[in-house]
2 protein chains.
Amino acid sequence: MVRTRATVRDLRKQNRSVLLTALFLDGPLSRQQLSASTGLSAATASTITGELLDEGLLVEAGSVESDGGRPRVLLRVNPAFGHVIGVDVGETGIKVELFDLAMTRLSTVDQPLGFVEPVAVSELIAAGVGEVLTATGVAASSVLGVGVGVPGTVERGTSAVVHAQTIGWDAVPLEKMIREAGVEPPLFVENGAKTQGQAEMWFGAGRGAGHAVIVLVGSGVGVAVVTDGVVHRGATSNAGEWGHTTIVYGGRRCRCGVRGCLEAYAGAEAMLARYREALRRNDPEADQQSALEALLSSRSAVARRVVDESVGYLGAGIANLVNLFNPERVVLGGWAGLALGARKLDEIVAATADHALRHPYGQVRIELGRTGPDAVAVGAATLPVAALLDSGADPRSARVSGF
Amino acid sequence: MVRTRATVRDLRKQNRSVLLTALFLDGPLSRQQLSASTGLSAATASTITGELLDEGLLVEAGSVESDGGRPRVLLRVNPAFGHVIGVDVGETGIKVELFDLAMTRLSTVDQPLGFVEPVAVSELIAAGVGEVLTATGVAASSVLGVGVGVPGTVERGTSAVVHAQTIGWDAVPLEKMIREAGVEPPLFVENGAKTQGQAEMWFGAGRGAGHAVIVLVGSGVGVAVVTDGVVHRGATSNAGEWGHTTIVYGGRRCRCGVRGCLEAYAGAEAMLARYREALRRNDPEADQQSALEALLSSRSAVARRVVDESVGYLGAGIANLVNLFNPERVVLGGWAGLALGARKLDEIVAATADHALRHPYGQVRIELGRTGPDAVAVGAATLPVAALLDSGADPRSARVSGF
DNA sequence: CCAAGTTACTTCGCGCCTAAAAATAAGCCT
DNA sequence: AGGCTTATTTTTAGGCGCGAAGTAACTTGG
């Protein structure tokens, strides 16, 4: 971490951020509790919360009676201070959701989309954003930001650029395009696996863990690695390409062209392909989701073998992550991950134990994901919230959108 | 990152740290340059450096003539402010080195050790520390800290505990033992691969990279992952067990008991074992180092095949790291890594390219390590230095040892 | 040799900041 | 009602970085 110089203003900003984050994550708290949990003096906690109340970021939320003293007044983040929007760009459609600052869902729009073309996607996003706003009567000016979860990797620079081989996107300047389609609030474009990981960390099975690995098994596989509470991004925001790590050197050819990638063994697509091969059939399923369900519940020896092998590969893949990252928690999510995990979690855990080193394995807890089907959108919506919390909502820093 | 409350004192501490770090890493600088490079105002840079000069942390280092103005006075970290000691606990012996604060080596002691037994190791370390001090006449009180690089993983708690399956250490409270053997300065126990990675980052091929992966190939293989300039440790400091990630599912049995670990293919021991098997010989080499040299320079088809295969496995293993961490730089080190890399770096790079995703691969530069055989000791010695720099050498914080 | 010019560094006053102490608010209990 | 307890606000004190205004230490050009 390259630390940099700080001024007295940064102090205030940081302490605002600390208080705001504590209130956001741990619900209503009194100034007293805030002082205790953050380490700030009661005086400072009081001054700063007073400021935040004046600015409309906080509101009072009742009081707790005491046993013989002045009752403590509870404070919480003002849900009406602003709104955030989360967008899930999937391979079959686009979901746009509007939340208030307490992350209560106010409106949802689903738009199916056959062919994923950047211009069409941008326009659908802009339309969806307009729709959720008019449906709820929320003013565009109250939107703190729009988070967008996309497939593929996102390169962050002055403006986010998306690379997604599977849908044929090569260096698509999506942020610029969405802006040009008419979306005004600040944009936060991020890989969908990472936004889903974020959702799992804040609201799901990752809560409370500082070091966690969120494994997402869908058609393919992905991972979000959280270190010290922060999603790991690497030098150019491309980190976390777990699906294309080699796990069977010289093995099956993956759609990325390389042999032996984990994704050639452990995603829903790979499982179904291996099943087809075992049965010498050659007709790809129309609906992966129900095909996987059928495979998982089949009692045929072939199906059972395919599933058991998949569990082995997945366990080895998870063990690699455990060895490399030494997390306290592994969360297994994604639609296929949840379907497989619902039936085979113990076997997956056992396979992980077989392949991981004893010591890091001993530190980890492996759980199923607990976020719903809109986890990508929820996670995307948390991005502007995180930005607000991290900045301490500093009223002195220039804000692009007028809120 | 869990940010925490800050006081006005933390400000000064942080700015001291920033200045001190800039001076340590980028050699002598004038107050003027410091002000420009850190962003601190000239006034503050001057005040703080004045303080640091008074405390003896900095010294003047000549001046640069100007073209028509007051010449700038150069400042640098005072090499004589204190000393640091680095210890390398290897499988064949213990090396203790003394450095001044400019990391100039003042004295070295090598002590061979056959059987690596914790008590004996602790006593040898204490003896070595005493020896380098008396040899140079440096007072124990001027030693800022002793860094110790050990095989295996180090669990940091109130006192460091070492787990090293390969040498039969299971939860050895090494820090406590070294202390009891009579070493007084603050101790910093860390995994040897990580200390070597640290050395490579500060003084070797990793310089300037914020995100890097230091790959160490010796008898086995290890890695140090650097994220944002900081060595990644995970929840319990066990992160980075690359050697025991599965790369050939169901493959060769590794000494850890699992099948298909990278270490069963890519370290010197594995290469020699595979060569022996190919030749149907059964006599382990007495000296791995010269045996590997012989293997690498052999022109026999069998030797060439073993080496080429190893290059492939190693490349795939590196590609996994590139995909997962998206580093800007990969440094290949370790005695076997350097030996192999000296002859086959291009092939290793090509094998990495074959297995990595195009995009993250496009961001990375793969280089040979540039630190010498005492990299582990040098890296260990940097640990107390890093602690000093990070703390801003705050004279107000209580110090255990009297310096 | 001296004055003017130039650049590096210091000093001082201001506006902020947090902490500690003191004061005040708002309940409970008898 | 009065004492007691606890929460919050106000006051005061000690720090900090910055900008402006000096001051120091040279070079240059006559």
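First the proteins, then the strands, lettered A, B, ... as listed; each starts at 1. Atom set for the values below is all heavy atoms of this structure, side chains included, hydrogens, waters and symmetry mates excluded.
- Side chain of A:Arg5, nearest nucleotide from D:dA7, D:dA24, D:dC18: D:dC18.
- For the pair A:Gln33 CD and D:dT6 P, the interatomic distance rounds to 15 Å; values are reported in whole Å.
- Set against D:dC26, C:dC9, D:dA20, the side chain of B:Pro71 has D:dC26 as its closest nucleotide.
- For the side chain to side chain contact (heavy atoms under 4.5 Å, CB included) test with A:His83, the passing option among A:Leu101, A:Asp100, A:Leu144 is A:Asp100; the others fail.
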Distances under 3.5 Å between protein N/O atoms and the N/O atoms of nucleotides 14-16 of chain D, please, pair by pair.
residue: D:dC16; atom: OP1; partner: B:Arg396; partner atom: NH2; Å: 3.3

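- The nucleotide whose nearest atom lies closest to any side-chain atom of B:Ser41 is, among D:dC18, D:dT8, C:dA19, D:dC18.
- The minimum heavy-atom distance linking B:Ala380 with B:Gly86 is given by the pair CB-CA, 4.1 Å.
- Between the P atom of C:dA8 and the CG atom of B:Leu40 lies a distance of 17 Å, rounded to the nearest Å.
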Between A:Arg16 and A:Glu55, is a salt bridge (Lys or Arg N to Asp or Glu O under 4.0 Å) present by the stated rule, with each step listed? CA-CA 12 Å; A:Arg16 284 170 62 104; A:Glu55 293 165 20; 2.7 Å; yes
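- The listed nucleotides are D:dT8, C:dT18, C:dA8; the one nearest the side chain of A:Ile48 is C:dT18.
- If you measure from atom CG of B:Leu75 to atom C1' of C:dA8, you get 12 Å, rounded to the nearest angstrom.
- Of the listed residues (A:Ile85, A:Val189, A:Leu383, A:Leu98), just one forms a side chain to side chain contact (heavy atoms under 4.5 Å, CB included) with A:Val146, and that residue is A:Ile85.
- The CD-P distance, from A:Glu60 to D:dA7, rounds to 16 Å in whole Å.
- To the nearest angstrom, C1' of D:dG22 lies 12 Å from CZ of B:Arg70.
- At least one side-chain nitrogen or oxygen of A:Gln32 sits closer than 4.0 Å to the OP1 or OP2 atom of D:dT8.
- Neither OP1 nor OP2 of D:dC26 sits under 4.0 Å from any side-chain N or O of B:Arg72.
- With a 4.5 Å cut-off on side-chain heavy atoms, B:Glu155 and A:Gln363 count as touching.
- Note on ring orientation: taking the six-membered ring where Trp is involved, the planes of A:Phe325 and B:Phe325 are tilted (angle from 30° to 60°).
- Residue A:Leu52 contributes atom CG, which lies 16 Å from atom C1' of D:dT9 at whole-angstrom precision.
- As judged by a 4.0 angstrom heavy-atom cut-off over every strand, B:Thr7 is placed among residues touching the sugar-phosphate backbone only.
- For the pair B:Leu34 CG and D:dG17 C1', the interatomic distance rounds to 16 Å; values are reported in whole Å.
- The 5' end of DNA chain C is approached more closely, in terms of each residue's nearest nucleotide, by B:Gly69 than by the other of B:Gly69 and A:Arg16.
- For the side chain to side chain contact (heavy atoms under 4.5 Å, CB included) with A:Leu75, the qualifying choice from A:Leu57, A:Leu52, A:Val59, A:Leu53 is A:Leu53, the only one to do so.
- In this model, the phosphate group of D:dT9 is approached by a side-chain N or O of A:Arg31 to a distance below 4.0 Å at OP1 or OP2.
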